[in-house]
Amino acid sequence: MSYLSTVPSDQKANAHHDVSHEQFVSTTVYCSAIAAEAIPRFELGEEEMPARTAMRLVHDELLMDGNPSLNLASFVTTYMEEEAEKLMMENLNKNFIDLEEYPACGEIETRCVNMIARLFNAPLYNPNAEAVGVSTIGSSEAIILSVLAAKRRWQEARKAANKPWDKPNIVMNAAVQVCWEKAARYLEVEERYWYCTADKYCLEPQEAVDLCDENTILVCAILGSTYTGEYEDVKAINDILLKKNQAEGLNIHIHVDAASGGFVVPFVKPDLVWDFRLPLVCGINTSGHKYGLAYAGVGWAIWRSKEFLPESILFTVNYLGSPQSAVQVIGQYYQLLRLGKAGYRAIMTNLTKTADFLADSIVAIGGGEKFILMSQKNGDGLPLVAWRLKSQEQYDEFAIARHLRSKGWIVPAYTMAPNAGTLKLLRVVVREDFSRHRCETFVRDLCEAVKFLDNTPRELIKHLAKAHEEERKAAATKSTKLELLNSFRRHTHHEHHSLAGKHGKTHSVC
């Protein structure tokens with residue numbers, strides 16, 4: 001038998017003072033007065049709130065985000081092992097830039113640079129011209145640094161030769177990621193584009209080199225287009241540019257944007273020559289948070305030697321620099337240490353097999369008469385699948401993407417890069433956690449989406465598309481942040497200095 005409990009009379013029970021809702025502090029978040037009030041959105045609140053309540057409110061806000069594992073638009077890593085996550089959490093409070101207090105973090109960065117530089121076959125035979133590298137927030141920062149270094153190096157050489165140094169240019173595919181446009185514009189470098197065609201999306205080597213002149217600071221070659229995943233022929237560009245340099249007395253080099261392909265090609269296509277084995281490749285950037293398999297926030301910039309990193313852009317400081325968390329670099333080092341070459345090779349091989357299975361499954365829909373594959377198979381491109389409708393339908397690729405979203409899948413639809421006609425495409429990025437089983441589930445939902453759209457009246461499809469657009473605009477209006485952004489877009493809608501402004505280019509998610 002347990003304890004006997006007394007049930008007090010109403011007189012005794014009512015003798016206690018009543019506590020109003022405003023005075024009531026509950027250990028249950030949704031019983032508290034705060035739960036019935038609007039949370040601060042634009043101005044700092046007057047009073048504090050319990051930690052559990054603040055955490056829950058922020059958690060509830062984030063429920064509106066999509067599921068990262070079902071986000072097939074992004075290359076960014078969405079899975080790491082628990083051991084990696086624990087290690088990163090343990091070091092969350094370290095300011096990576098303060099190497100005097102956290103020397104182990106600096107040592108780890110150096111190890112990562114060494115491993116990646118060797119993976120890219122950096123020349124190691126000359127102790128007086130050793131490769132150099134640095135961690136960055138991502139490939140965007142790495143590319144801006146690389147363009148800055150190339151511009152400054154070109155300017156110094158032109159000044160020394162008493163030649164004009166005010167009109168630098170960079171040659172690249174119009175299908176480049178938008179960070180290349182930003183780098184050129186921010187650093188005041190002319191953009192010289194090779195434009196895609198309806199059936200060719202990779203930089204044509206001879207035509208690209210023909211765009212070069214004495215003012216060209218770099219030729220950009222993409223190892224893995226964000227649209228179709230294709231690898232540009234870096235070796236062909238190198239060979240043709242080498243002849244042009246020799247014939248015209250030029251000194252133009254190549255930068256390889258290996259944001260996505262840098263951690264794929266060495267393990268899937270090791271015989272493909274694209275890196276520092278080519279004499280004109282002076283720099284390579286790669287994203288550790290893509291196929292480097294680390295969480296978002298880490299990229300790498302590697303230069304062939306310090307010759308390509310002018311002293312005028314380097315700083316030596318004896319005080320604390322800009323703060324930067326160490327966790328992303330630590331996460332990258334964990335993956336390099338944990339997986340080794342064998343682990344990366346196994347993962348990239350699995351991703352390639354899954355991508356090939358998905359490609360074959362998509363092409364087979366509708367008896368092979370529904371879709372055309374735009375990406376490569378068998379490891380000849382990134383582990384992604386890009387495809388488009390084979391013929392004119394009552395719906396387009398954007399309608400398919402919208403229907404898949406109702407199932408939770410985030411699949412991007414794009415208009416192709418400038419001068420590629422009016423091509424539209426869908427794209428799925430195969431990441432580490434996109435298993436064969438999950439892939440089969442996606443194929444099932446894609447088939448259902450196609451069947452639904454095939455059987456839906458054209459008028460209803462148009463109505464759904466219009467309703468979707470109206471909902472998007474309404475949602476944007478409700479949010480002040482988005483309203484400010486839309487206001488900015490309204491004022492810049494007619495700008496003509498970018499590829500989006502000139503040609504309506506849709507920038508693919510990376």
Side-chain angles (χ1 to χ4, degrees), residues 96-97 99-100 102-136 139 141-143 145-157 159-161 217-219 221 223 234-235 237-239 241-242 245-246 249-258 262-263 265-267 270-286 288 292 298-318 321 326 329-330 332-333 335-337 340-341 344:
F96 174 59
I97 207 69
L99 298 183
E100 183 178 347
Y102 306 115
C105 290
E107 173 63 21
I108 284 175
E109 180 191 30
T110 298
R111 292 178 188 177
C112 289
V113 167
N114 273 264
M115 291 178 183
I116 296 169
R118 283 172 167 80
L119 186 66
F120 296 165
N121 293 293
L124 304 173
Y125 51 81
N126 186 354
N128 297 317
E130 296 173 326
V132 293
V134 67
S135 67
T136 60
S139 278
E141 183 187 5
I143 286 166
L145 289 176
S146 297
V147 173
L148 173 62
K151 177 186 176 182
R152 192 63 58 85
R153 181 171 178 269
W154 174 82
Q155 286 179 326
E156 291 177 359
K159 290 177 182 178
I217 64 172
L218 276 180
V219 175
L223 194 73
V234 187
K235 186 178 186 305
I237 298 171
N238 175 89
D239 295 345
L241 185 57
L242 196 60
N245 282 347
Q246 293 172 347
L250 302 176
N251 189 27
I252 304 170
H253 285 77
I254 301 167
H255 180 92
V256 180
D257 182 357
F263 279 98
V265 176
F267 305 109
D271 294 331
L272 181 65
V273 180
W274 63 275
D275 50 22
F276 291 118
R277 287 171 288 183
L278 299 172
L280 292 184
V281 172
C282 66
I284 300 172
N285 67 275
T286 193
V298 61
W300 302 95
I302 311 292
W303 288 272
R304 186 182 200 89
S305 69
K306 201 172 179 180
E307 170 194 354
F308 297 96
L309 203 59
E311 289 287 343
S312 58
I313 67 171
L314 301 179
F315 290 87
T316 300
V317 297
N318 58 1
V329 173
I330 291 171
Q332 179 73 86
Y333 183 57
Q335 293 290 48
L336 295 173
L337 197 63
K341 293 180 180 179
Y344 273 99

Item to check | Minimal non-hydrogen separation, Ile217 against Val147, with atom names | outcome: CD1-O, 4.0 Å
Next on the checklist: For the CG atom of Leu309 and the CG atom of Leu314, what is their distance to the nearest 0.5 Å?
Outcome noted: 4.5 Å
Next on the checklist: Looking at Thr286 and Trp300, would you say the former's side chain and the latter's main chain have a donor-acceptor pair under 3.5 Å?
Outcome noted: no
Next on the checklist: If you count every heavy atom of other residues, nucleotides or ligands that lies below 6.0 Å from Lys159 atom NZ, does the total exceed 12?
Outcome noted: yes
Item to check | Derivation and outcome, side chain to side chain contact (heavy atoms under 4.5 Å, CB included), residues Phe308 and Ser146 | outcome: CA-CA 9 Å; Phe308 297 96; Ser146 297; over 6 Å; no
Checklist entry - For the atom pair CD1 (Ile252) and CD1 (Ile237), what is the distance rounded to the nearest 0.5 Å? => result 12.5 Å
Checklist entry - For the residue pair Ser135 and Glu109, what are the closest heavy atoms and their distance? => result OG-OE2, 2.7 Å
Item to check | CG-CG distance between Asp257 and Leu218, expressed to the nearest 0.5 angstrom | outcome: 11.5 Å
Checklist entry - Is a side-chain donor or acceptor of Thr136 paired with a backbone partner of Gly299 at a separation under 3.5 angstrom? => result yes
Checklist entry - Can any side-chain N or O of Arg304 pair as donor or acceptor with the backbone N or O of Val281 at less than 3.5 Å? => result yes
Checklist entry - Is any side-chain N of the basic residue among Arg111 and Glu107 closer than 4.0 Å to the acidic one's carboxylate O? => result yes
Item to check | Closest contact, heavy atoms only, His253 versus Pro279 | outcome: CD2-O, 4.3 Å
Next on the checklist: Going by salt bridge (charged side-chain N to carboxylate O under 4.0 Å, His left out), name the residues that satisfy it together with Arg153, two or more places apart in sequence or in a different chain.
Outcome noted: Glu307
Item to check | Atom of Pro266, atom of Trp274 and distance for their closest heavy-atom approach | outcome: CG-CZ2, 4.4 Å
Checklist outcome for this item: Closest non-hydrogen atoms of Gly262 and Leu223, given as atom of the first, atom of the second and distance, are N-CD2, 4.1 Å
Checklist entry - Will you find, in the side chains of Asn251 and Asn245, an N or O donor that is under 3.5 Å from an N or O acceptor? => result no
Checklist entry - Do Asp275 and Val256 pass the side chain to side chain contact (heavy atoms under 4.5 Å, CB included) test, and can you show the C-alpha distance, the side-chain angles, and the key distance before you say yes or no? => result CA-CA 8 Å; Asp275 50 22; Val256 180; over 6 Å; no
Checklist entry - About how many Å separate CD of Gln335 and CE of Met115, when rounded to the nearest 0.5 Å? => result 12.5 Å
Checklist entry - When rounded to the nearest 0.5 angstrom, what is the spacing between CD1 in Ile313 and CG in Leu148? => result 4.5 Å
Next on the checklist: Tell me every residue that passes ring pair (Phe, Tyr, Trp, His ring centres under 6.0 Å) with Phe267, counting only those two or more places apart in sequence or in another chain.
Outcome noted: Tyr344
Next on the checklist: Before you tell me yes or no, could you show the steps for Asn285 and Glu141 under side chain to side chain contact (heavy atoms under 4.5 Å, CB included), namely the whole-Å CA-CA distance, both residues' side-chain angles and the distance that decides it to 0.1 Å?
Outcome noted: CA-CA 9 Å; Asn285 67 275; Glu141 183 187 5; over 6 Å; no
Checklist entry - What do the steps show when you test Leu336 against Cys112 for side chain to side chain contact (heavy atoms under 4.5 Å, CB included), and what is the final call? => result CA-CA 8 Å; Leu336 295 173; Cys112 289; 3.9 Å; yes
Item to check | Approximate separation, where rounding is to 0.5 Å, of Leu119 CG and Lys341 NZ | outcome: 7.0 Å
Checklist outcome for this item: Scanning both residues in full, the closest heavy-atom pair of Gly133 with Ile302 reads CA-CD1, 4.0 Å
